[in-house]
Protein chains: 2
Amino acid sequence: MVTLAEVAQHAGVSASTVSYVLSGKRSISATTRLRVEQSIRELGYHPNAGARALASSKSNIVALMIPLRTDMYVPVMMEIAIAVATTARTHGYDVLLLTGEEGPDAVRRVTGSGLADAMILMDVQLDDERLPLLRGTDQPSVLIGLPADTSGLTCVDLDWNATGALCVEHLAKLGHRDVAVIGEAPAVYERHTGFAERTLDGLRSRARELDLRVLHRPCEGGYDAMAATLARVLDERPGTTGFVVQNESAVEPLLALLRQQGRAVPEDVSVVAICPDQVATQASVRLTSVAIPAQEMGRHAVERLVAKLDGRGSDDVVLIAPELTVRASTGPAPTAP
Amino acid sequence: MVTLAEVAQHAGVSASTVSYVLSGKRSISATTRLRVEQSIRELGYHPNAGARALASSKSNIVALMIPLRTDMYVPVMMEIAIAVATTARTHGYDVLLLTGEEGPDAVRRVTGSGLADAMILMDVQLDDERLPLLRGTDQPSVLIGLPADTSGLTCVDLDWNATGALCVEHLAKLGHRDVAVIGEAPAVYERHTGFAERTLDGLRSRARELDLRVLHRPCEGGYDAMAATLARVLDERPGTTGFVVQNESAVEPLLALLRQQGRAVPEDVSVVAICPDQVATQASVRLTSVAIPAQEMGRHAVERLVAKLDGRGSDDVVLIAPELTVRASTGPAPTAP
DNA sequence: ATAGGTTGTCGAAGCGCTTCGACAGCAATC
DNA sequence: GATTGCTGTCGAAGCGCTTCGACAACCTAT
């Protein structure tokens, strides 16, 4: 392993000079800089991460806590993780992957050991047990997702309230009066995951204003679960003509079932999905949808975090405005016979 | 931040004693150990990762390189990543997430800087440009996936050859004579991703032995692409009664299309999928499938890696035997009218 | 009693880097 | 010609830990 000292010797300068060439924290004459850079290249020098971290108290690593469970939005999580990793890299940071498994202990471990300079938390629950720890440390952090109390925290999320409202508005405008919401798996609501509840709140309150009737049913993904859910919905509200689907693994089953029952989309029934664009365009009917901007969320989170690490930036909430794209799964409500 | 020295002072012992309590590398009397452990707890001490890495030349971090692109098996990748992270943790390692973006440079950076003690590579291509670097370093590594030349490398993968063979065997046993393979997106083959080619090889050579006709068509995921592919297949081989689908985002579209064309599954047409069990059980027809054992692969990879780090373990290839589960999407070939 | 082992603890060196203060050299100012 | 102010470089201290050799203290076997 090549060390700083060896580079210094090779270039005929002192170790500190090499360090300053690397960090740019003091001015170095062009000739020395070039000589040092040349030596670095020739020897194939890479600074030792541990030594650097020890001396500077900075690891240049950000931790990313992802959920352990895979009961929702797996591709979204993945896309966020990838966006976080690539964005972090452009700012000179590497990403440490933590699963939810350790829970709050992971936060303690990371802050305590100086393993990472900052953290990004995903899968935030409304009353997340990691939050007190984050508030109690001076290590910067960003949440992807919104807890109930955001004071003293930086959060990035899609504006789920607005998303719910947007979906129901679109259906209202098309004349639908009875709307069913196919939600995430029950477990997601039970653990009070912010986005699911917020979507529903936003949707319901807008529906009230617009005088629509809303029936919400959580739904595990998959064909069988969707079949059972649909049967119950149509039994309870036979006049339902609009669907909002938040569980992406229920989308395709729903379409198949409707088709099978002779209900045409969008002639008889309209469907709005909340899902990544890829899902919306690959479905058997091109879906009118509100996109989940996974990449943007990941990128934003890192950029807020880097800002904080640089001393710029402050605690606040970044809500990304939802956008609804009209495709082929929604149309005017059928006129009563 | 609490340091070792502070713990030592608090416990009335020397720093080295505390260190030995922590590492267990020398025997310590029960009384001192207890006293030290007590102090550690009271002060809330966490060893500093950087200092540790510097002094011991071990970071206790393993790097995981995941593919940047998301054109295949996203949930599988995610599951592997999570399995790697949790398994690594049980062995005292953390996981650094690298995306393919940097390519071979990432390998250089990580080995050069001592950021990680070892690495796991995913999305391995048959002739991967990272391999020479891995062979040229003494840093342990494990590949998830099989390159063309595995000499000097440790690899973990599903036995894709056997997987292909298994699928076609199952169809043959049911009396099907004409089989179509719906493959991954063309790009996957173009970059010579091992698993796709191997599956095909295994399938073709077994088909030859069993005297079946095979038609292979790569296919982007989604409904439209699948529709076009299916039309071409049925045009070229109208007698096709068996399908093997490797692209999980083509499965549901295929089922929908067949249904739409009045071809019943499994009465008229049989479908075998290669996909995670979750996909197979959630599809509109419960799919006969060969499971992709994502968790097992991740776990295995970490365990091989840890073995190497401990000086046990050697270079070799672990192939996981495929298992075919019969569900409702395959049945006897229809007898010719 | 003495030599030879064990066991438990300590002191000190050193891992490779950053960073601070010092200072030589030189140009501009009075 | 002395003073001030830069600029560019160096030496040394120190970050918090691991680890090696030393060595008391005690136990066994002669």
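Each chain gets a letter, A, B and so on, in the order the sequences are listed, and its residues count up from 1.
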*Asks:* Any salt bridge between A:Glu101 and B:Arg89, counting N to O under 4.0 Å?
*Replies:* no
*Asks:* Within the 4.0 Å heavy-atom criterion, would you say B:Ser29 contacts the bases, only the backbone, or no part of the nucleic acid?
*Replies:*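 The residue B:Ser29 makes sugar-phosphate contact but no base contact.
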*Asks:* Please check if the number of heavy atoms outside A:Gln9 that lie under 6.0 Å from its CD is greater than 12.
*Replies:* no
*Asks:* Rounding to a whole Å, what distance do you find between B:Leu54:CG and D:dT19:P?
*Replies:* 12 Å
*Asks:* Considering only side-chain heavy atoms of B:Arg52, which listed nucleotide, D:dT18, D:dC10, C:dC17, is closest?
*Replies:*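 Within the option list, the nearest is D:dT18.
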*Asks:* To the nearest Å, give me how far apart CG (A:Leu34) and P (D:dG8) are.
*Replies:* 14 Å
*Asks:* Answer yes or no: does a side-chain N or O of A:Tyr45 lie under 4.0 Å from OP1 or OP2 of C:dC17?
*Replies:*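 So the side chain of A:Tyr45 is within the cut-off, an N or O lying under 4.0 Å from OP1 or OP2 of C:dC17.
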*Asks:* So, OP1 or OP2 of D:dC10: does either fall under 4.0 Å of a side-chain N or O from A:Ser14?
*Replies:*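 The answer is yes; a side-chain N or O of A:Ser14 sits under 4.0 Å from OP1 or OP2.
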*Asks:* D:dC20, C:dG16, D:dC10: which one has an atom nearest the side-chain heavy atoms of A:Thr3?
*Replies:*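 Within the option list, the nearest is C:dG16.
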*Asks:* From CZ of A:Arg35 over to C1' of D:dG8, roughly how many Å is that when rounded to an integer?
*Replies:*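 Distance check: A:Arg35 CZ to D:dG8 C1' gives 12 Å.
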*Asks:* I want to check one thing: is the phosphate of D:dT18, taken as OP1 and OP2, less than 4.0 Å away from some side-chain N or O of B:Ser19?
*Replies:* yes
*Asks:* Using a cut-off of 4.0 Å on non-hydrogen atoms, how would the nucleic acid contact of B:Thr32 be classed: base, sugar-phosphate, or nothing?
*Replies:*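 Sugar-phosphate: the residue B:Thr32, judged by heavy atoms under 4.0 Å, touches backbone atoms but no base.
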*Asks:* Using the side-chain contact (heavy atoms from CB on, under 4.5 Å) rule, pick out the option among B:Val142, B:Asp316, B:Ile80 that qualifies with B:Val156.
*Replies:*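 For B:Val156, the side-chain contact (heavy atoms from CB on, under 4.5 Å) check succeeds only for B:Val142.
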*Asks:* Determine, for B:Asp315 against B:Lys308, whether the closest basic-nitrogen to carboxylate-oxygen distance falls under 4.0 angstrom.
*Replies:*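 Yes.
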*Asks:* Nearest of D:dT19, D:dC10, C:dC17 to any side-chain atom of B:Tyr20?
*Replies:*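 For B:Tyr20, the side-chain atoms sit closest to D:dT19.
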*Asks:* Closest approach to the side chain of A:Arg26, judged atom by atom: which nucleotide of C:dG21, D:dT19, C:dT19 is it?
*Replies:*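 Of the options given, the side chain of A:Arg26 lies nearest C:dG21.
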*Asks:* Could you check how far CG of A:Asn60 sits from P of C:dG16, rounded to whole Å?
*Replies:*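 Computing the A:Asn60:CG to C:dG16:P distance gives 19 Å.
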*Asks:* Can you find a pair of side-chain heavy atoms, one from A:Met77 and one from A:Ile144, that are under 4.5 Å apart?
*Replies:*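 With C-beta onward as the side chain, the pair stays apart.
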*Asks:* Using heavy-atom distances to pick each residue's nearest nucleotide on DNA chain D, tell me which of A:Thr17 and B:Asn48 is more 5'.
*Replies:*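 Looking at the nearest nucleotide for each, A:Thr17 comes out on the 5' side.
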*Asks:* Pick the closest DNA chain C nucleotide for B:Ala51 and for B:Gly12 by heavy atoms, then say which residue is nearer the 5' end.
*Replies:* B:Gly12
*Asks:* If the cut-off is 4.0 Å, is B:Lys25 near the phosphate of D:dT18, judged by side-chain N/O to OP1 or OP2?
*Replies:*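 Checking D:dT18 against B:Lys25, no side-chain N or O comes under 4.0 Å of OP1 or OP2.
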*Asks:* Have a look at B:Ile28 and say if it touches a base, only the backbone sugar-phosphate, or nothing, with a 4.0 Å heavy-atom cut-off.
*Replies:* sugar-phosphate
*Asks:* Between A:Arg109 and B:Asp94, is the closest basic N to carboxylate O distance under 4.0 Å?
*Replies:* yes
*Asks:* Please give, in whole Å, the distance from C:dC15 P to A:Leu4 CG?
*Replies:*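 So the two atoms are 13 Å apart, to the nearest Å.
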*Asks:* Could you work out which one of C:dC17, D:dT18, D:dC10 sits closest to the side chain of B:Ala55?
*Replies:*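 Given the options C:dC17, D:dT18, D:dC10, the side chain of B:Ala55 is closest to D:dT18.
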*Asks:* Quick check on C:dC10: is either OP1 or OP2 less than 4.0 Å from any side-chain nitrogen or oxygen of B:Ser16?
*Replies:* no
*Asks:* Could you give the CZ-to-P distance, from B:Arg33 to C:dT7, as a whole number of Å?
*Replies:* 14 Å
